Every structure is written in C-alpha cells, then in structure tokens.
Amino acid sequence: MRSKYLSKLAIICASTLFCTTIVLSGCGGEDEMHKAATSLAYSTGINAEGLYDESMFYRNDLNFVKGDFADPGAFYCEADGYYYVYSTDMRCVRTKDFVDFEDLGVVFTAAADAWSNNYYWAPEVIYDNSTQKYYLYYSATAKDVTNTNWNGRHRIGIAVADTPQGPFHEWEGTRSIPLRDEDGKRVQENGEDVFVNEKLTKAQFPIDFMQSPVVHELGLNNFAMIDAHPFFDGDDLYLYFVHHKDDWNETQGIWGVKMIDMVTPDYDTLTQLTEPGKKTIGGEANFEVGVTVNEAPFMLSHVTKKPDGTTVKKYYLTYSIYGYSNPLYSVACAVSDSPLGAFVKLDTKDGQPILGIDSDFDHMAGTGHHSFVQCGDEYFMMYHAFSNRTNINDGRTLAFDRMTFAYNESLGYDLMYGNGPTYSLQPLPYTVTGYQNLAKDAVITADGIADGSRASYLNDGRFTINYDNDFDFVSASNTVTVTIDFGKEVALNAIMVYNGRDIYQAFSSMDVIRFESAEGNYYIDNLTFPKAYIGDGIMRPGGAAIAEFNTIKANKIVMKITKKIAAELFPDRPDAAGVSISEIVVLGKEANA
C-alpha cells in the first residue's frame with residue numbers, strides 16, 4: 001500500500017497536513033547549543049493520520065500482503081532486480097522497493113498424478129547457473145506413505161521453472177545416483193562408487209532418506225521432513241530441513257545434507273545439526289527451556305575481519321523455536337566452521353534470540369519462520385507475524401527488519417543481531433532510497449558515561465530488543481550531551497534517535513539538536529519521542545524520535561537530553577539515574593556524492 005507523501009518540502013510547508021510535526025522558527029536564546037544557529041523546520045516523517053514518508057521509511061503495518069502469508073521464503077533475482085517472497089500454499093509476491101508488493105498468486109500447483117497429497121508448506125527458491133533454471137523446494141504429505149500418522153507422511157519435493165514467478169512443475173527426469181545395497185551402503189567396484197541412472201517421475205518424491213546409512217543405523221522405520229532450505233556454498237549445494245515429528249520422533253531438530261546436484265542428495269552426508277533444548281547434539285542444556293521445536297532453517301556464511309587484520313569464515317544456521325502456534329515464536333542462531341557442523345548454539349549473552357519475542361511485548365506476536373535477503377551490504381530478515389499482534393487468532397502475514405553483524409571480542413568473530421520485531425518507522429534499504437546511515441562511520445562521544453556502558457553502542461548498528469541482549473548506551477546522570485563528528489561535510493536529510501529498552505531510563509524528548517557546518521548552523525528544539533512506542537509500563541523496542549528535513553550540510557551534530565519518560569509516568573517512583581539511548585541513525589549522502 002503506497003501512501004506517498006508528496007515531497008520533503010511539501011511536508012515542511014504543508015502545516016495543515018503535518019501540523020503536529022512542524023517546528024517553526026523561534027527564539028533560540030544565546031546558549032552554546034543555539035548560538036549563531038537557525039531553527040530548522042522538520043517533520044517526524046508521519047502525520048496524524050498515520051501516513052508516513054515511504055520514500056525513506058517503512059513500517060510493519062502487516063499489510064504489505066493481503067491475506068494469510070506464512071513461512072516467507074525470500075529470493076533476490078539478479079535477472080530482473082526483484083525480491084521474490086514465497087509463502088506456504090505456494091503464493092508469491094515480489095517487490096523492488098519494499099513498499100509496493102505485487103501479488104503473483106499461486107506459482108505452483110501439484111499435478112493430479114504427482115506424489116504429493118496436501119499440506120504444501122514453506123517453499124524456497126534458488127537459481128542454478130548450470131541449468132539456468134529456478135528450483136523450488138517445498139514439503140507436502142505423500143500419497144503412498146500410509147504406515148504412519150499424518151505427521152510422518154511429510155516429504156520434501158522439488159519443482160522447477162524457467163522464471164522465478166513460475167509456473168513451477170514437479171521435477172522429473174533421469175539422474176545419476178550411487179548404487180546402494182539393502183542396508184543403504186554404497187556399492188563399490190575396484191574402490192570406486194558404482195553409479196546408476198535413475199528415472200524419476202512426478203509420481204515419486206525425489207528425496208527419500210530411508211536410503212541413508214544414518215537412518216538405518218538409527219533403526220528408524222520412517223523419516224518425515226518439512227521446511228526445506230537450499231544453500232549454495234560456492235558451487236556446492238546443501239539442503240537443510242526439519243526432521244518432523246512422527247511416530248518415532250518426539251522433537252523437531254534441524255538436519256542437513258550435501259547435494260550431488262540440484263535434485264540428488266548425497267545420502268551419506270545426512271547429518272543432524274541441532275537438538276531442541278541442547279547447545280550441541282547431545283550436549284548441555286541451553287536457553288531453549290521447554291522447547292521441543294527447532295524448525296525453519298536458514299543458512300548464511302560470513303567472513304569476519306578481525307581487529308588484527310586476520311579473517312575467519314563462519315556458517316550461521318538460523319532457526320525458529322517454540323513453534324508457529326506460540327506467541328513467543330522467535331529466531332535463534334547456531335555457528336559452525338563448516339556447512340554440516342558441528343554447530344554450537346549461541347547464548348543469550350551473545351544476542352539470542354536474534355529475532356526475539358519477550359513475554360511483555362504487545363506490538364508483535366509469533367515472529368518466526370524467516371529468510372534473509374541482502375541489499376548491498378545490508379541484510380533484511382523476512383518473517384511472518386500474527387496479524388492481531390498479541391495472540392495467534394488472525395493468521396500470519398509478512399514483516400521484515402534489519403539484521404546486522406557485530407564483532408564479539410570474547411568469541412573472536414562476528415555475531416548476528418536482529419533489529420526486530422518492530423512496529424515503528426525504520427529506514428528502507430539504502431540500495432532502494434540512496435540514503436545511507438552516515439552515523440555508523442562517524443566518531444560518537446558522550447559525557448558522563450555510566451559504568452559498563454560505552455559510546456560505541458550509539459552507532460554499532462544494534463538497538464536493544466530483549467532485556468537479555470542489552471546494547472543500550474546509558475549515561476551516568478540524567479543529563480547527557482552526545483556529539484556525532486563526521487570528520488567532513490556531509491549532506492543530511494534525517495536523524496533518528498532510538499530510545500532505550502528500559503522505560504525508567506528512556507528519554508521523553510531531545511532538549512536540543514545542533515547541526516554545525518561551515519555554511520551555517522541549525523538547531524531543533526524539543527524533538528519528542530512518540531508516545532505510540534510506549535506501552536503499559538514498557539517500551540516497545542525499536543522506536544525512535546525522528547526529524548526529517550530538506551537537505552542540509554553538517555560536519556558535526558551535538559544533542560542534549562535532560563527529560564525522561566519516568567519523570568512523567570512514574571513521579572512517585574525513586575529515580576533510576578541515567579538516560580538510555582539504543583542507537584543513532586543519520587540518513588543522508590556525502591556532500592560530494
């Protein structure tokens with residue numbers, strides 16, 4: 001839905017439309033923050049009707065897509081520049097700007113004589129350069145698996161198309177596979193594997209882990225699976241999935257297998273990667289207390305550039321916990337040195353879960369089953385959330401938020417951190433808008449920093465979501481001055497100051513923000529933090545005080561804060577000294593860009 005906002009100049013001048021967000025010129029006094037400066041007209045980016053500037057921001061209004069849209073699998077198509085997102089029941093939408101989503105409808109319908117029966121879940125698409133085809137991996141129940149309950153009938157299917165919008169059709173054809181004996185072991189002659197051609201029709205599901213030696217060793221009579229996720233590591237393809245609950249399996253863990261080609265698993269590489277409630281397979285308990293579900297896998301590889309100049313490559317396996325029907329459905333992460341492990345789940349002190357639901361949230365519920373897309377050097381997590389935000393009664397739909405990597409000194413490599421779930425204005429990808437966050441490369445300092453805090457929290461790319469993952473800057477007293485030094489003239493269009501997660505230290509307004517430039521200075525007085533981001537005695541994480549304005553130049557920004565939300569909401573409560581700020585984002589372009 002596009003509620004395009006005219007233009008920045010129109011916003012600033014059209015006081016009838018944005019009457020609550022305009023700052024008119026006024027007396028600034030002669031203190032240092034106002035000295036030789038001009039009052040800057042600005043908008044908060046949103047008006048009283050809830051319309052916001054979609055040329056710069058997005059908000060998870062949960063209306064990007066009409067109707068139910070669960071288990072989003074996202075894919076960027078280099079051929080046409082679209083981001084495609086596929087959902088359970090085989091529906092697809094696409095977008096180029098993360099504002100307008102085109103509904104392409106159902107892109108895969110099973111043939112009448114196909115192996116599958118119903119419950120078509122969680123499709124993901126990947127492109128293969130060698131065949132120049134798009135492959136869709138999905139799960140469904142199989143017609144000819146009858147010796148188990150319906151959970152045990154789930155199998156993984158593969159469909160193929162010439163374009164990402166389909167239509168996709170079940171893959172069928174001839175493939176070369178290792179010959180196996182009745183125990184699932186490879187047959188060899190003269191020390192070499194014997195390969196045979198196998199003709200596969202659409203009446204046969206293409207992946208059958210009953211042929212795996214591991215399954216035979218475990219003595220399983222069935223191996224059900226859902227949530228297929230393909231991942232290229234260079235030219236090597238891996239497939240990750242969930243071993244679904246069935247007659248012989250009470251929990252849902254993540255497994256992986258290396259693929260011989262796009263449609264042929266190497267069954268000898270089948271490996272269990274996670275165990276619910278355990279840090280490692282068979283290891284010690286982790287933070288997933290009472291969790292029996294690890295599902296919806298997604299894999300990323302990332303190279304950390306360490307402070308000493310060396311690099312280290314890690315594999316980040318993300319997955320969902322608690323199950324989709326639980327309001328606390330969240331996304332967690334495990335890390336390994338190789339695509340098939342061994343994986344170690346990270347702890348809460350290391351930012352877990354990376355997309356997390358706290359029990360006091362009233363702005364989002366059931367935020368899990370996810371995928372990632374990369375926009376330039378930014379990552380966005382596409383996930384589903386329940387439409388009514390507080391429980392699971394009204395179906396699921398699409399939402400998305402940023403994910404960032406930040407260096408962890410104790411572990412010696414970058415960790416994933418998710419800035420979500422949010423229900424507040426967030427910057428669109430700079431590859432879409434052209435506006436970058438210039439604060440991330442600036443030098444930020446602050447006076448009177450509380451013990452254990454640091455000024456670097458103000459531009460580390462993270463704002464605090466869960467209390468267990470605290471990345472908020474906190475000052476030592478209730479007065480703080482923050483300076484953002486760009487080291488050169490830059491062109492600015494907006495500033496976003498994210499509030500802290502702790503309502504007792506959160507700010508209620510910015511007393512003054514000063515912009516300094518060789519061409520002239522500006523100031524903004526009393527930039528108020530939106531009340532929409534304050535719940536019943538809690539802060540809704542991800543909310544920012546925003547000022548958007550016509551382009552100005554600045555080499556430095558100085559801001560002062562003395563006002564706290566607690567003083568207004570809890571006047572009788574003893575003061576918790578300090579002002580908290582989660583993150584500062586400055587949107588604009590370098591002056592010579």
Side-chain angles (χ1 to χ4, degrees), residues 71 119 121-122 124 137-139 148-156 207-231 238-259 265-300 315-326 328-347 352-355 368-371:
D71 307 332
Y119 299 112
W121 291 348
E124 289 198 23
Y137 299 80
Y138 62 99
S139 65
T148 181
N149 61 34
W150 78 273
N151 280 329
R153 298 171 190 163
H154 286 273
R155 294 294 185 269
I156 290 173
I207 297 177
D208 182 9
F209 286 119
M210 295 308 297
Q211 299 182 42
S212 171
V214 171
V215 173
H216 283 266
E217 291 169 8
L218 293 173
L220 300 181
N221 295 319
N222 186 37
F223 197 91
M225 54 259 189
I226 61 171
D227 295 352
H229 164 62
F231 166 72
Y238 294 84
L239 188 67
Y240 302 92
F241 58 91
V242 177
H243 183 190
H244 195 38
K245 292 180 181 179
D246 56 32
D247 295 336
W248 299 274
N249 179 42
E250 294 299 323
T251 62
Q252 293 183 193
I254 308 299
W255 290 61
V257 66
K258 189 174 182 180
M259 301 289 285
D266 182 350
Y267 290 116
D268 292 271
T269 66
L270 179 65
T271 308
Q272 184 176 358
L273 307 180
T274 75
E275 181 179 354
K278 303 289 187 180
K279 190 169 184 176
T280 57
I281 301 297
E284 65 183 48
N286 73 335
F287 71 93
E288 301 170 355
V289 178
V291 170
T292 61
V293 173
N294 290 170
E295 64 181 19
F298 198 95
M299 181 68 76
L300 286 176
Y315 293 84
Y316 300 78
L317 174 63
T318 56
Y319 59 96
S320 294
I321 55 177
Y322 293 111
Y324 83 94
S325 61
N326 191 320
L328 297 180
Y329 199 37
S330 301
V331 178
C333 181
V335 179
S336 175
D337 293 324
S338 64
L340 291 179
F343 281 90
V344 178
K345 293 177 180 177
L346 298 173
D347 299 320
Q352 296 303 300
I354 62 169
L355 183 80
H369 203 120
H370 66 293
S371 54

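In this text the structure is predicted, and so the values were computed from the model without any measurement. Just so you know, residue 1 is the first one in the sequence shown, and it goes up from there.
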S.K.: Does one side chain, of Y329 or E295, offer a donor that lies under 3.5 Å from an acceptor on the other?
M.R.: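 Side chains of Y329 and E295: pair found under 3.5 Å.
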S.K.: Between H154 and Y119, what is the ring plane arrangement, given parallel below 30°, perpendicular above 60°, and tilted in between?
M.R.: tilted
S.K.: What pair of heavy atoms forms the shortest contact from N326 to L328, and how long is it?
M.R.: OD1-N, 2.9 Å
S.K.: Parallel, tilted or perpendicular: which one describes the rings of H243 and W255, with boundaries at 30° and 60°?
M.R.: perpendicular
S.K.: Do side-chain atoms of H216 reach the backbone of M210 as a donor and acceptor pair under 3.5 angstrom?
M.R.: yes
S.K.: Please work out whether the ring planes of W150 and H244 are parallel, tilted or perpendicular, with thresholds of 30° and 60°.
M.R.: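 Answer is perpendicular, since the angle exceeds 60°.
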S.K.: Are the side chain of Q352 and the backbone of C333 linked by a donor-acceptor contact shorter than 3.5 Å?
M.R.: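 Judged by distance alone, yes, a pair lies under 3.5 Å.
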S.K.: Would one find more than 12 heavy atoms of other residues, nucleotides or ligands at under 6.0 Å from atom OH of Y324?
M.R.: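 Counting neighbours around OH of Y324, 12 or fewer heavy atoms of other residues, nucleotides or ligands fall under 6.0 Å, so no.
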S.K.: How far apart are the C-alpha atoms of F241 and F209, what are their side-chain angles, what is the distance that settles it, and do they pass the ring-ring contact (aromatic ring centres under 6.0 Å, His included) test?
M.R.: CA-CA 12 Å; F241 58 91; F209 286 119; 4.8 Å; yes
S.K.: By salt bridge (charged side-chain N to carboxylate O under 4.0 Å, His left out), which residues pair with D71, not counting sequence neighbours?
M.R.: R396
S.K.: Less than 4.5 Å apart, any side-chain heavy atom of I207 and any of R155?
M.R.: no
S.K.: Does K258 reach the main-chain N or O of D268 with its side chain, forming a donor-acceptor pair under 3.5 Å?
M.R.: no
S.K.: What's the shortest heavy-atom distance between I354 and T318, and which atoms?
M.R.: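 Smallest interatomic distance, heavy atoms only, reads CD1-CG2, 3.7 Å.
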